[in-house]
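Worksheet: the structure to be examined is printed underneath.
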Number of protein chains: 2
Amino acid sequence: MSPILYALEHGKSKLSQMERKLAERILASPGEIVHMGITELAEQCGISPATITRFCKVLHFKGFPDFKVKLAAEIAHSDGSPEGSGSSYQDIVAGNPLSVIVEAMQANHLASIRDTTSLLDLERLQSAIDVLCRARRVDMYGMATSSIVAQDFYQKLIRIGVNCTAFADSHMQITSASSLQEGDVAFAVSYSGETPETIDALSCAAASGAATISLTSYGSSSLATLADIPLFSSSLEQGMRRGDMASRIAQLHIIDILFTGMVSTRFGDFIPKLEQSYLNVQHYRHKRGGQS
Amino acid sequence: MSPILYALEHGKSKLSQMERKLAERILASPGEIVHMGITELAEQCGISPATITRFCKVLHFKGFPDFKVKLAAEIAHSDGSPEGSGSSYQDIVAGNPLSVIVEAMQANHLASIRDTTSLLDLERLQSAIDVLCRARRVDMYGMATSSIVAQDFYQKLIRIGVNCTAFADSHMQITSASSLQEGDVAFAVSYSGETPETIDALSCAAASGAATISLTSYGSSSLATLADIPLFSSSLEQGMRRGDMASRIAQLHIIDILFTGMVSTRFGDFIPKLEQSYLNVQHYRHKRGGQS
DNA sequence: TCTATTCATGAAAATAATTTTCCTATATTA
DNA sequence: TAATATAGGAAAATTATTTTCATGAATAGA
């Protein structure tokens, strides 16, 4: 906790009634305070602006604006997660004020990325990258939210000239999987690891002789068991319906690592293609008279 | 370097003479700026206070004090964690060992989420949520990477029964935009804020009388200027082609906040629909013999 | 090349925010 | 109980910020 908030918390007992109201309001959501005027804050606390100015002077600030700037600087260091723990998932419920939602979401997403990174098995990740780099063709499978992740990887791979498909349609996924061969890669994404359509597609791909990679939430699941190289994103403890938001961020995080790993491995091959795809989009647009 | 300073540094060329003086003064010692009044800063730059206020507005801040608070928050992280984990953006180059890539990616993504959160304007976010909650119909626009983000929001909105479309085809986007009416919402996503197809679609939507929301990387852009409610994700300093990875994570972060805000606002309406959509997917699967 | 128009800019007016002053009510101590 | 100290608010004063308006420079069009 930042020095200012700490001082407020611990000095509370010494403060007078009105000052305490103020201190409590500030502690309740410091992030909001920095975007408030003195009048607004005064009203919310049921006190007068004069009291606030005096209070800031007591704390040795030059005034209220000075206090705000210093406070903003301090709370920026923290994650927004209460008690600075760094890794706690927050649940979000009805009627929460927006500031709480924002803080909770930040805490969740940061925790999710951290947890996912710390769970990574580098060797396994490297072998996934190697397999992908050598792939003649790559198939992506995923339904609903996971289809977004699959699409994202698809877009990236296309840009470096990897022969890749990512059908959203489960029948097409199966059809595509049937036509894979040895040397091809099937990459399946699923939050639960139990999505039947995705499992079917990956099974089919394995039967066709393709190497299989799964990306699921951490823990044992049918999809992970099935895959040659199972990769994991962190699973979220609270409120399952909420889980897929943080999980998707974590999965994209892994996708980014995979992609960057691929580019880094085959720099010479891939970077020129990446440049070219970028330039071509630019070029086409300029012809039409638009901008970047 | 923080997104604000980065935007200043890189947008300098687009600025006018006086604005450039100002930008240079801010870049010279951002830490001092946050403790200055607008008049003092104006004098030091040899310009008028009016120019400063205008400049802040161009950067989509509410005014000079708002700029100061956001800047204070940002420079707080950057000097807090020098060159390592924490909050500085890392570039990724050829032949980096995987462990370095992983660390850099984590640092980038964490920084991106933090920066984006600190740049958020809660009031603006709230008005976006309000507008979305009341919308008769919502149109999503976005090309390439941004289309992924648009699709993601689309999937979420559909699940809570919001009438929403997210065509990937730019002609369909325009067609759809033309049929919008007052009370509808158009939501455009673009990393650069200059994607012509997306700008066209949003302009068209505005002409049709729809409320317009943009989600772009931080800085002044055509799309942000066009929108009634411009929202921003943090922009990434290093290696331009790398920017869209972190930016996409940041944009999804904002999508999650918007969605959660909507659900929280209209808990009673939306939660049952969310439950129902979940149960229906389950039900359908069990009939076929699969699992969750 | 000249004119019209747009755009950048500063001066000053208007507005908004903050701080200070002054006053009252309450509590405290002799 | 009276004297005094003090917290706290109302309102005035001050200060900061924003807006408006006028001007001159630059650019585009004729």
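If you're wondering where the values come from, they're calculated on a predicted model, not measured in any experiment. Computation of the quantities below employed the complete heavy-atom set of this structure, encompassing side-chain atoms and omitting hydrogens, waters and symmetry-equivalent molecules. Proteins get letters first, then strands, A, B, ... in listed order; numbering begins at 1 in each.
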- Message: Output the rounded distance in Å from CZ (A:Arg20) to P (D:dA7).
- Response: 13 Å
- Round to the nearest Å and state the distance from B:Lys21 atom NZ to C:dG10 atom C1'. 12 Å
- Item | Nearest-Å distance for atom pair CG/P, residues A:Leu22 and D:dA7 | 15 Å
- Query: With no hydrogens and no angle check, is any side-chain donor or acceptor of B:Arg124 less than 3.5 Å from a backbone partner on B:Pro230?
  - Reply: yes
- Task: Start with the C-alpha distance between A:Gln17 and A:Lys21, add both sets of side-chain angles, then the distance that settles side-chain contact (heavy atoms from CB on, under 4.5 Å), and finish with yes or no.
- Result: CA-CA 7 Å; A:Gln17 268 190 316; A:Lys21 277 192 208 169; over 6 Å; no
Restricting both atoms to N or O, compile the protein contacts to nucleotides 13-15 of chain C shorter than 3.5 Å, with distance only.
none

- With sequence neighbours excluded, tell me which residues meet side chain to side chain donor-acceptor pair (under 3.5 Å) with A:Thr51. A:Ser48
- Message: Check whether B:Thr260 reaches the backbone of B:Asp256 with its side chain - one donor and one acceptor, N or O, closer than 3.5 Å.
- Response: yes
- What's the CE-C1' distance between B:Met18 and C:dA11, to the nearest Å? 15 Å
- Nearest-angstrom distance from the residue atom CG of A:Leu41 to P of C:dT19: 12 Å
- Could you check how far CZ of B:Phe55 sits from P of C:dC7, rounded to whole Å? 19 Å
- Message: Under 4.0 Å, counting only non-hydrogen atoms across every strand here, what does A:Ile47 touch: a base, just sugar-phosphate, or nothing?
- Response: sugar-phosphate
- Message: Main chain of B:Ala144, side chain of A:Gln155: is a donor-acceptor contact present, judged purely on distance under 3.5 Å?
- Response: yes
- Return no unless some side-chain N or O of A:Thr51 is found under 4.0 Å from OP1 or OP2 of D:dA7. no
- Reading nucleotides 10-23 of chain D from 5' to 3' and marking B where a protein heavy atom lies under 4.0 Å of the base, S where only the sugar-phosphate is that close, and - otherwise, the string is B------BBBB---
- Query: Quick one: does B:Asp184's side chain have a donor or acceptor within less than 3.5 Å of a partner on B:Gln181's backbone?
  - Reply: yes
- Task: Quick one: sort the B:Phe61 and B:Phe67 rings into parallel, tilted or perpendicular, breaks at 30° and 60°.
- Result: perpendicular
- Item | Qualifying residue for side-chain contact (heavy atoms from CB on, under 4.5 Å) with B:Leu125, from B:Leu231, B:Ile229, B:Asp130 | B:Leu231
- Run the numbers on B:His253 and B:Thr117 for side chain to side chain donor-acceptor pair (under 3.5 Å), then give the verdict. CA-CA 9 Å; B:His253 175 56; B:Thr117 308; 3.0 Å; yes
- d(NE2, A:His35; C1', C:dA17) in whole Å: 17 Å
- What integer distance in Å separates A:Glu40:CD from C:dA16:P? 14 Å
